[in-house]
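What you see is a predicted model, and the numbers here were worked out from it, not measured in a lab.
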Amino acid sequence: MFGAPSLLRFRHRRFYILDGTHIFLVENALFKVHATQLSRTSIAFEEMFSVGSQLPLTVGMEGSSDDHPIIIPELSMNMFELFLSVAYNSWKPEGPTHDDVLDLLRFSNKFMSQKARDVAINHLHERRFQHKPYELLALCLEFSISKFFVPAFRRLVEFRIRDIPGPVRRRLGFEVWNAFVDLKELLDEHNRIVACEEPPIVTHSPYCTDNTACFIDWRQLWWNSMARFLLDGRNPQKFHEAIERFQELGPEIGRVNPECWKMLLQTVKNATAFCLAFDLVEETAQQLSAALITEPAPMLRKAELDTLGLPSREEIL
């Protein structure tokens with residue numbers, strides 16, 4: 001592997017630093033950077049520079065000149081530029097794109113860079129609402145990220161099954177997809193039960209003069225409004241949305257005593273039945289995260305291990 005012919009090579013606009021110590025060739029681009037910066041950001045580069053680190057670069061050695069660069073064939077120019085952006089904390093004005101973030105995660109896995117991984121995950125987390133939840137879940141599974149798995153799964157449950165593209169279903173894997181479909185079925189059943197069974201009037205208000213009429217109209221009111229909100233075939237409402245619309249029925253409560261209405265509305269707002277659905281989603285998401293995602297151990301460099309008094313990888317081996 002000799003890299004690009006000399007005539008096709010060019011110096012990278014941002015990361016050919018004149019006082020850099022080593023020159024790299026990635027695709028057609030030449031990078032001149034500081035070994036210390038790379039070593040601080042990647043275990044792979046730290047180990048590379050530790051071999052023969054006592055020997056100064058001389059003419060003809062790899063990394064000593066544009067004609068004798070260190071060639072990294074397994075990296076793209078964009079991926080190496082992103083890594084250097086992390087190492088030097090120097091970004092293009094527009095910042096990294098979504099594809100750039102994925103490249104950083106891939107770089108982190110290959111070259112053991114905790115900082116690159118942290119930057120990529122934080123970027124995804126800050127912009128998590130710009131992405132579909134199933135896209136985030138697929139990334140969590142691919143790169144072992146637990147940080148936003150549970151909130152993304154919560155959002156996924158709000159989607160209809162038919163709205164999730166087939167290729168994404170395969171990326172989510174058997175366990176997540178099956179859990180999602182089973183959960184949707186349970187939630188739909190729970191929704192129907194809540195819609196059909198109005199909260200009981202345990203005690204009428206002392207001001208209620210006709211308990212029977214109050215009870216009958218309360219039951220009818222629940223079925224004609226809350227049940228319709230929840231089970232609307234074209235536009236079913238979420239629990240909190242249905243409650244907001246339900247409490248706006250103040251002038252249209254029929255023979256329900258106004259004081260009884262206030263007490264019943266408070267019962268509905270407390271949403272004991274609705275909390276069961278939330279708890280079920282939360283529990284399922286937590287179980288999936290624990291079963292499917294194992295975050296990699298912190299990728300600590302030798303200097304960090306020494307600071308913490310921990311044995312190095314060589315000592316362990």
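Using a cut-off of 4.0 Å between Lys/Arg side-chain N and Asp/Glu carboxylate O, Glu259 and Lys262 are scored as salt-bridged. Between Glu135 and Arg128 there is no salt bridge, since no side-chain N of the basic residue sits under 4.0 Å from a carboxylate O of the acidic one.
Counting non-hydrogen atoms of other residues, nucleotides and ligands closer than 6.0 Å to CZ of Arg219 gives a total of 12 or fewer. In the displayed structure, Trp223 atom CH2 is contacted under 6.0 Å by at most 12 heavy atoms of other residues, nucleotides or ligands. The environment of Lys132 atom NZ is sparse: at most 12 non-hydrogen atoms of other residues, nucleotides or ligands sit within 6.0 angstrom. Surrounding CD of Glu185 are at most 12 heavy atoms belonging to other residues, nucleotides or ligands under 6.0 Å away.
Taking the ring centroids of His98 and His131, they lie under the 6.0 Å cut-off. You'll find the ring centres of Phe278 and Phe239 outside the 6.0 Å limit. Annotation: Phe83 is in aromatic contact with Phe45 [ring centroid separation under 6.0 Å]. Ring-centre distance between His22 and Phe49: below the 6.0 Å cut-off.
Ring orientation note: the planes of Phe24 and Phe80 are tilted relative to one another, at an angle of 30° to 60°. Between Trp177 and Phe180, the ring-plane angle classifies as tilted under the 30° and 60° cut-offs.
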| task | Test side chain to side chain contact (heavy atoms under 4.5 Å, CB included) on Leu265 and Phe246 and set out the steps. | result | CA-CA 9 Å; Leu265 196 57; Phe246 188 62; 4.0 Å; yes
| request: Kindly indicate, with the supporting measurements, whether the criterion side-chain hydrogen bond (donor to acceptor under 3.5 Å, both in side chains) is fulfilled by Asp163 and Tyr134. | output: CA-CA 11 Å; Asp163 291 337; Tyr134 47 75; over 6 Å; no
| message | Assess the residue pair Leu136 and Phe149 against the criterion (side chain to side chain contact (heavy atoms under 4.5 Å, CB included)); give the C-alpha distance rounded to whole Å, side-chain angles, the decisive distance to 0.1 Å, and a yes or no. | response | CA-CA 7 Å; Leu136 291 176; Phe149 182 94; over 6 Å; no
